[in-house]
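Reviewing the structure listed below.
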Protein chains: 2
Amino acid sequence: MTDLEIAKGVTLQPISSIAEKFGVNPDSIEMYGKYKAKLPLQAIDKEKAEQSNLILVSAISPTPAGEGKTTMSIGLTEGLNRLGKKTTVVLREPSLGPVFGIKGGATGGGYSQVLPMEDINLHFTGDFAAIEKAHNLLAAVIDNNIQSKTRSLRIDPRTIGWKRVMDMNDRALRDIIVGLGGTTSGVPRETGFDITAASEIMAILCLAENLSDLKERLGNIFVGYTFDKEPIYAKDLKAEGAMTALLKDAIKPNLVQTMEGNPAIIHGGPFANIAQGTNSVIATRMGMSHSEYTVTEAGFGFDLGAEKFFDIKCQSAGLKPKAVVLTATIRALKYHGGADLKSLTEPNVEALKKGLPNLEKHLENIAKFNVVPMIAINKFVTDTDEEIAVIKALADSKGIRVALVEVWAKGGEGAEDLAQHVIDVVESKASNFKPLYDWNSPVMDKIETIATEIYGAEHVDYTSRAKAHLRKITNLGLDHLPVCIAKTQKSLSDNPKLLGRPKDFIITVREIEIAVGAGFLVPITGDIMRMPGLPATPSSEGIDVNDDGEITGLF
Amino acid sequence: MTDLEIAKGVTLQPISSIAEKFGVNPDSIEMYGKYKAKLPLQAIDKEKAEQSNLILVSAISPTPAGEGKTTMSIGLTEGLNRLGKKTTVVLREPSLGPVFGIKGGATGGGYSQVLPMEDINLHFTGDFAAIEKAHNLLAAVIDNNIQSKTRSLRIDPRTIGWKRVMDMNDRALRDIIVGLGGTTSGVPRETGFDITAASEIMAILCLAENLSDLKERLGNIFVGYTFDKEPIYAKDLKAEGAMTALLKDAIKPNLVQTMEGNPAIIHGGPFANIAQGTNSVIATRMGMSHSEYTVTEAGFGFDLGAEKFFDIKCQSAGLKPKAVVLTATIRALKYHGGADLKSLTEPNVEALKKGLPNLEKHLENIAKFNVVPMIAINKFVTDTDEEIAVIKALADSKGIRVALVEVWAKGGEGAEDLAQHVIDVVESKASNFKPLYDWNSPVMDKIETIATEIYGAEHVDYTSRAKAHLRKITNLGLDHLPVCIAKTQKSLSDNPKLLGRPKDFIITVREIEIAVGAGFLVPITGDIMRMPGLPATPSSEGIDVNDDGEITGLF
């Protein structure tokens with residue numbers, strides 16, 4: 001059965017019942033159909049939130065074999081609820097672009113899904129569309145100001161860093177020229193589209209504390225320079241009010257349900273490879289306001305999403321995670337160890353052992369944040385006892401907890417062992433989160449720290465373009481901002497081909513984008529693209545609607 | 001008081017109560033917050049719909065003075081309900097782009113509004129976003145196919161007519177080059193963005209009878225030619241299933257309420273100057289399924305929206321309107337008569353008389369469809385008795401009913417006189433709708449008929465580009481399609497500067513777009529743009545959100 005077929009077999013509870021279970025007055029929610037709702041910001045209780053135990057689920061470096069981080073987060077939540085701990089899972093929203101590409105949905109799998117999966121994977125409650133509109137409104141206002149004879153701020157079109165965004169895998173929009181067609185159709189200039197998840201406004205939404213903080217951050221977006229080299233911000237274009245109006249509903253977290261009928265909150269941006277990547281501060285706090293345990297995730301591998309989660313989001317919002325669950329599959333570790341994608345269902349202890357250093361490196365990285373890690377083996381039917389024993393032996397040798405988890409096949413029942421480990425770790429109070437670096441250290445030091453300590457690089461190289469960007473950052477007085485590195489998810493390095501635990505490599509910073517509104521800098525490494533493309537056979541070809549109006553072919 | 005302030009003063013009824021009043025089981029609707037809902041397609045009853053009396057509200061050629069067609073439609077609906085006739089107003093959805101430009105919202109005004117106006121004017125229930133995504137998915141799939149080595153259909157990039165769309169006034173996107181940046185980022189080619197309302201998918205959504213008809217039409221979208229000059233359609237790219245999945249909710253009409261608590265349905269596309277422009281067939285039928293009277297609108301002037309409403313939509317769906325209310329203001333007629341915009345509040349009978357021919361021409365046009373017209377004077381406080389008498393005299397001389405209407409200031413009470421006229425006309429059974437032209441006549445004849453009979457042109461000129469398009473249309477076997485002419489709304493001619501009732505002018509067809517999926521051809525006349533721009537001072541500058549999370553500055 002496909003995930004969608006399994007999902008269709010579940011009888012959903014009305015979202016008002018889920019709201020009641022969550023602890024919010026059903027009259028205060030805004031329904032989007034029968035099974036989705038926006039939660040009111042007033043339901044956040046900062047003091048109560050501080051009492052909740054925040055658990056982060058992350059993963060080893062992802063492979064085409066799949067690791068199941070979201071599935072694990074959902075299954076763990078069901079497991080904790082089964083053990084009597086009131087737990088809410090707080091996830092990021094899927095991006096529409098990859099749904100039509102190769103990745104499929106991002107709502108878990110098998111018997112550990114959030115529902116209704118087809119709605120969540122398509123337009124959901126319109127948050128991405130709102131972010132896209134707010135982003136592109138600023139772009140239109142910028143080009144309109146360049147065009148204007150009477151109200152021009154004299155922005156130099158060549159200095160504009162603000163692109164447009166679209167939630168679509170559309171490589172032809174990466175590099176474009178706009179403003180052609182003569183004097184009535186704008187001023188020609190080079191620009192491009194990023195995918196919406198990479199928008200600075202997505203990051204702003206995810207880090208904003210409330211609506212007025214959101215507006216202030218939107219006003220601080222850096223646009224470019226005048227011909228006199230004066231910096232221009234969104235507030236100079238009086239754009240932040242209308243942008244905030246477009247985001248007034250998008251800022252509210254979305255309530256849905258897990259397959260076992262527990263509340264789930266889904267809000268804010270995916271893509272930790274090219275952006276901040278975790279769900280919103282508001283959503284996390286909302287979950288924590290009404291739960292003893294709050295499970296959240298940061299992907300792709302721990303090196304990307306989790307590092308940003310700890311160093312940017314937790315620092316920004318004062319969050320202190322109590323444990324990290326590192327998701328691994330035996331298939332993926334064999335792939336890291338050099339096994340061929342087609343042979344992963346066959347036993348291969350040798351390849352598994354060769355792949356273990358990837359797991360080890362991520363475990364070491366977690367320890368650097370002073371949070372207790374544990375390993376969750378996301379079990380596949382083809383995994384052998386011998387292979388499982390290899391991982392258990394590694395864990396034992398390091399004194400790290402390990403759980404065999406069957407959430408895909410069994411839902412929460414398959415995660416009870418893991419859930420007990422989580423409870424034990426939390427109750428032991430062994431974690432004492434500290435960030436990796438001080439925001440006030442120099443920009444190059446911050447990049448160097450992440451690259452060497454987390455990625456395991458020898459050192460960092462900068463292109464001449466990136467060096468120019470570093471000077472620009474200093475001139476704008478932005479050295480104090482944290483860094484949100486864009487890097488391939490496929491490797492600990494910036495080269496997607498280097499699997500396992502690469503060594504003696506150099507990280508190349510190609511350029512550095514400025515995201516003052518979000519409050520960070522974006523060093524872009526290697527060849528990572530902020531606008532993906534579709535594969536030769538896009539998954540959109542298999543998606544359809546049957547005569548009953550039901551979607552088919554969505555994974 | 002602004003429209004938004006008046007709107008905020010109204011206590012809204014829960015949308016479930018409105019659904020009940022409308023005659024649909026509240027359990028069957030999908031709520032979007034407390035005051036918006038999607039109606040289920042199952043609530044359409046074609047037989048009952050045929051019993052409902054369909055009234056069209058249109059207007060004279062629009063001017064900067066404002067005519068108030070939507071306000072009139074809403075007020076008339078309140079008036080008919082006050083006279084004991086169960087009446088539903090069915091309107092098109094506002095486009096977001098102009099909200100940030102110059103036009104403001106499109107939800108009526110004063111005491112004749114549909115509510116919640118700020119939601120309807122912004123994202124509403126996400127229909128535009130869904131249409132935009134479905135449109136741009138096809139664009140991404142097209143460029144992806146060109147890029148593909150293994151699955152290429154050998155589409156000649158120079159023949160692709162399918163652009164991208166964005167619901168934003170963004171002139172810099174009109175003419176662009178995509179696919180720059182080297183071999184991994186697509187194939188360079190010229191293209192552009194239209195505003196979302198102009199998307200063929202908007203027209204398809206508005207003309208589709210149901211979900212399977214929608215999918216079939218999507219598959220029929222003409223994309224371009226192969227290098228061997230074979231036509232390529234969306235179905236050749238297997239895109240229509242995923243596009244339909246994106247539109248599965250957007251196809252359902254939206255239920256909101258009028259200020260006096262009557263049901264209102266808002267669904268489908270604006271912009272009769274550059275597109276089909278009226279609300280969806282599904283929405284009109286939904287309204288008619290549950291109402292004795294159904295009021296709908298077609299703008300800008302009767303020459304644009306109403307001609308398309310009659311010749312395309314009514315023919316396509318078998319609708320037979322019973323009366324046309326032609327909205328006029330004394331201010332606007334004075335403007336047509338040459339009065340200066342700033343002097344319109346001063347009495348000026350002479351200018352008014354000079355402007356009357358615009359009104360007369362629209363009345364003559366209505367008669368050509370064999371439907372009874374009546375004049376609704378949308379009263380302003382500055383109108384004098386003498387000026388009003390001039391219009392009444394004209395109406396008397398032609399035997400046409402006229403009503404003085406005060407819907408802005410008084411809501412439905414101000415339209416009771418007009419409502420009684422509408423009832424009288426319907427009960428007289430004097431209308432017997434017939435379309436202006438036969439779909440099967442040659443394309444040039446159809447264009448000529450509209451241009452001479454409705455616009456009042458001498459004849460039609462074609463650019464060499466338009467002539468090439470005519471040959472293409474014949475080669476593709478599409479001569480039988482009706483025409484949806486894109487023309488400025490500001491004049492009966494294709495020159496926005498010619499006010500009143502211009503004569504001896506020539507209509508120039510610049511190019512002809514093919515919309516096989518929608519089922520029509522789009523001759524584009526004069527300098528009309530399918531992507532508007534922002535004015536020097538965009539209205540976005542005045543839009544804000546206050547500390548209570550309420551939007552301000554939206555008109």
(request) Side chain from CB out, backbone as N, CA, C, O: work out which of these in B/Pro535 comes under 4.5 Å of a heavy atom of chain A, or both, or neither. (result)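 The answer is the backbone of B/Pro535.
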(message) For B/Thr125, which atoms come within 4.5 Å of any heavy atom of chain A: side chain, backbone, both, or neither?
(response)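 Contact with chain A involves no heavy atom of B/Thr125 at all.
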(request) Given side-chain contact (heavy atoms from CB on, under 4.5 Å), test B/Val141 with A/Leu534 step by step and report yes or no. (result) CA-CA 8 Å; B/Val141 167; A/Leu534 290 170; 4.2 Å; yes
(request) Using a 4.5 Å cut-off on heavy atoms from C-beta on, say whether the side chain of A/Asn136 contacts that of B/Asp170. (result)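 B/Asp170 does not reach A/Asn136 side chain to side chain.
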(message) Is there a side-chain contact between A/Arg171 and B/Val178 in this structure, where contact means two heavy atoms from C-beta onward sitting under 4.5 Å apart?
(response)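 With C-beta onward as the side chain, the pair stays apart.
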Got more than 12 heavy atoms from elsewhere within 6.0 Å of [atom1], [X]?
X: A/Glu209; atom1: CD; result: yes
X: B/Asp547; atom1: CG; result: no
X: A/Lys238; atom1: NZ; result: no
X: A/Glu216; atom1: CD; result: no

Check each atom of [X] against the heavy atoms of chain B and say whether the ones under 4.5 Å are side chain, backbone, both or neither.
X: A/Glu550; result: neither
X: A/Leu96; result: side chain
X: A/Thr184; result: both
X: A/Met531; result: neither
X: A/Met243; result: neither

(request) Name all residues meeting the side-chain hydrogen bond (donor to acceptor under 3.5 Å, both in side chains) criterion together with A/Thr537; count only those two or more places apart in sequence or in a different chain, and write none if there are none. (result)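 In terms of side-chain hydrogen bond (donor to acceptor under 3.5 Å, both in side chains), with neighbours along the sequence ignored, A/Thr537 is linked to B/Arg151.
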(message) Using modelled atom types and a 3.5 Å cut-off, is there a donor and acceptor pairing between side-chain atoms of B/Lys215 and backbone atoms of A/Val545?
(response)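 Yes.
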(message) Could you go through A/Glu132 and B/Glu132, starting from their C-alpha distance and side-chain angles, then the distance that decides it, and tell me whether this counts as side-chain contact (heavy atoms from CB on, under 4.5 Å)?
(response) CA-CA 11 Å; A/Glu132 194 169 306; B/Glu132 193 170 306; 3.8 Å; yes
(message) Taking every non-hydrogen pair under 4.5 Å, which of B/Ile551, B/Leu246, B/Leu122 racks up the most with chain A?
(response)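 Option with the top pair count is B/Leu246.
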(request) State whether a side-chain donor-acceptor pair under 3.5 Å links B/Ser185 with A/Arg174. (result)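 Judged by distance alone, the side chains do pair up.
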(request) Identify, with sequence neighbours excluded, every residue that meets ring-ring contact (aromatic ring centres under 6.0 Å, His included) alongside A/Phe193. (result)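 For A/Phe193, the residues satisfying ring-ring contact (aromatic ring centres under 6.0 Å, His included) (neighbours in sequence not counted) are B/Phe193.
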